[in-house]
J.: 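Before I ask anything, let me first share the structure, which is written out below as structure tokens.
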Amino acid sequence: VAIFPELRLKFPFPAAVDAADLGTESSNVHGAKTLVHRAAIGALYVEHGARVFRFLRDLLGDAVLAADATQETFTRAFRVLHTVEPGRSVVPWLFGIARNVSLELRRARFRAGRVLVPEGEFAREVSAANASPERALLDREAVAVVERSLERLSEDRRAMLLLRLDHGLSYEEIAKLMGFSLAKVKVEIFRAREVLREAMAEYASDVGDSR
Amino acid sequence: MMQCERIFDVEELVLDNLSRARTAETRAHLAACKSCQQAHELFASERALFRARARAVAPPPRAIATRILEAAAASAPSRNTTMPWTQLLVAACAVLAFGLTTRLPMSFPNSAKLDEPARGEATRIEHASRVTDALETRDALEGSLASFAVEEPCACIPTASYAGAGQDSPDPFSRALCERVVTCSSFGP
């Protein structure tokens with residue numbers, strides 16, 4: 001916890017920590033440890049859980065698998081929290097763990113004879129909570145366009161595009177996270193963008209034809 | 001059309017990755033550069049697409065949070081198993097110094113000499129200040145966090161003795177450290 005100034009700001013996570021822990025266990029070391037462990041991981045999850053889940057879901061193409069992978073990501077992150085250098089953002093580090101988890105799951109699935117992300121099928125539920133009908137429609141269209149392009153990308157290229165455009169990581173952070181050179185990352189993202197723009201253009205022409 | 005060399009700044013601007021000063025600078029450039037305006041429009045439409053999609057994609061199931069908290073409660077964070085070589089060196093020196101002071105009591109014939117920072121002692125003090133700094137940092141987060149810091153691996157004193165050894169530790173150095181621990185801790189004696 002002390003490593004991350006931003007976590008300290010987010011520290012008031014005890015909503016998710018049982019009040020019973022505070023009352024009955026804080027008088028001994030075990031209780032305090034438990035409390036701190038849970039608060040640290042809770043703060044990380046509150047801050048980054050949704051985007052890590054979305055990233056994993058985009059890579060794995062399966063919400064149930066992504067949920068398991070998210071849990072594994074945060075559990076691993078928690079175990080090695082101390083390895084993050086002070087003052088550095090936890091986001092690239094967290095996405096690095098998430099990507100490793102997704103690759104491991106992918107390999108395990110491949111060995112078991114099952115293939116992830118069937119071609120042309122990126123099944124997912126779309127949340128319509130708190131959205132006006134027009135906005136919900138636009139959002140659904142955005143989902144369709146992005147997914148049409150993601151389906152056409154290799155796993156690496158997809159990961160890089162998502163890290164850049166969906167999660168706003170810098171090229172340098174992506175290069176470090178993926179283990180590629182900066183030049184390669186720029187080229188790969190440039191090419192992935194071309195595919196995305198193609199999908200955007202196709203969508204625009206589809207809409208034009210239907211009118 | 002020739003691509004402007006500031007195009008990466010324009011991209012970072014769209015992703016909100018620039019400092020305030022750089023943002024103002026890039027905006028000023030954007031107002032005057034046709035090529036960057038076109039690029040900005042394209043980047044902004046991509047960004048808007050992903051933002052809209054982020055809103056539309058269902059959030060993670062609530063059960064994940066519970067499962068993560070349970071997993072965290074069940075497992076403690078691992079110790080530093082892969083220390084950087086500098087830390088390893090400091091730790092090794094500290095262990096050596098500790099070994100020398102316990103094996104060769106004559107090297108510290110009286111308590112006055114303890115105040116003279118011998119080289120090994122200096123290393124230990126440096127290490128100790130690292131540990132106590134950590135304790136103090138954690139102590140700033142109220143509650144019982146000092147006891148969490150007690151778990152920090154330390155080359156000077158066995159981890160197990162941190163909490164319990166307190167006032168009756170035979171080693172004046174570790175006694176001082178443990179007193180700090182007790183001071184920081186909210187657990188009392």
Side-chain angles (χ1 to χ4, degrees), chain A residues 1-2 8 11 16-17 26-29 31-38 40-42 45-46 49-51 53-54 57 63 66-67 70-71 74-75 78-83 124-128 131 135-136 138-143 145-147 162 164-166 168 170-171 193 196-197 200, chain B residues 8 11-12 14-17 42-43 45-61 63-82 133-138 140-152 163 185-188:
Chain A
V1 179
R8 205 181 299 177
F11 194 73
V17 177
S26 63
S27 57
N28 60 48
V29 172
K33 263 192 319 195
T34 307
L35 198 63
V36 173
H37 293 170
R38 294 179 73 181
I41 196 67
Y45 184 76
V46 164
R51 60 202 298 216
F53 173 75
R54 193 167 72 243
R57 194 168 164 166
T70 304
Q71 182 188 337
F74 279 90
T75 308
F78 178 62
R79 279 194 218 117
V80 292
L81 210 60
H82 62 270
T83 61
R124 68 187 65 235
E125 318 87 55
V126 171
S127 156
R135 183 152 186 177
L138 287 172
D139 290 353
R140 274 200 294 272
E141 287 173 352
V143 172
V145 172
V146 171
E147 274 155 24
L162 288 165
R164 181 69 181 155
L165 293 188
D166 195 10
S170 69
Y171 286 110
R193 268 189 154 132
L196 174 68
R197 286 168 191 171
M200 286 163 80
Chain B
F8 284 111
E11 193 183 345
E12 299 297 344
V14 171
L15 294 172
D16 296 328
N17 285 346
L42 211 51
F43 291 143
S45 64
E46 288 172 355
R47 183 65 169 162
L49 202 62
F50 276 90
R51 281 211 169 137
R53 178 173 165 276
R55 279 195 303 268
V57 171
I64 298 184
T66 315
R67 272 154 50 192
I68 290 170
L69 286 173
E70 281 168 3
S75 68
S78 62
R79 303 274 166 79
N80 267 325
T81 49
T82 53
D133 283 351
L135 289 173
E136 283 165 0
T137 309
R138 281 159 197 204
L141 304 169
E142 60 189 13
S144 312
L145 296 179
S147 66
F148 176 62
V150 164
E151 283 219 317
E152 282 290 292
S185 170
S186 63
F187 294 118

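Everything quoted here is computed from the prediction, not taken from an experiment. Order of the sequence lines sets the chain letters (A, B, ...), proteins ahead of strands, with each chain counted from 1.
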J.: Using 0.5 Å steps for rounding, measure from the CZ atom of B:Phe50 to the CZ atom of A:Arg164.
T.: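 If I round to the nearest 0.5 Å, the distance is 12.0 Å.
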
J.: Where is the tightest heavy-atom contact between A:Phe53 and B:Ala58, given as atom of each residue plus distance?
T.: CE2-O, 3.9 Å

J.: Would you call A:Val145 and B:Arg53 a side-chain contact if the rule is heavy atoms closer than 4.5 Å?
T.: no

J.: Under 4.5 Å heavy-atom distance to chain B, tell me which part of A:Leu196 shows up: side chain, backbone, both or neither.
T.: side chain

J.: In terms of heavy-atom pairs under 4.5 Å with chain A, which of B:Leu49, B:Thr66, B:Leu15 leads?
T.: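 Result: the option with the highest number of such pairs is B:Leu49.
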
J.: To the nearest 0.5 Å, tell me how far B:Ile68 CD1 sits from A:Thr70 OG1.
T.: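 The distance works out to 7.0 Å.
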
J.: Output the distance between atom OH (A:Tyr45) and atom CZ (B:Arg67), rounded to the nearest 0.5 Å.
T.: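 Atom-to-atom, A:Tyr45:OH and B:Arg67:CZ are 9.0 Å apart.
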
J.: For A:Arg197, is it the side chain, the backbone, both or neither that has a heavy atom under 4.5 Å from a heavy atom of chain B?
T.: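 Answer is side chain: those atoms of A:Arg197 sit under 4.5 Å from chain B.
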
J.: May I ask you to test the A:Arg193-B:Leu42 pair for a side-chain heavy-atom distance under 4.5 Å?
T.: no

J.: In terms of heavy-atom pairs under 4.5 Å, which option from A:Gly168, A:Ser170, A:Ala67 contacts chain B the most?
T.: A:Ala67

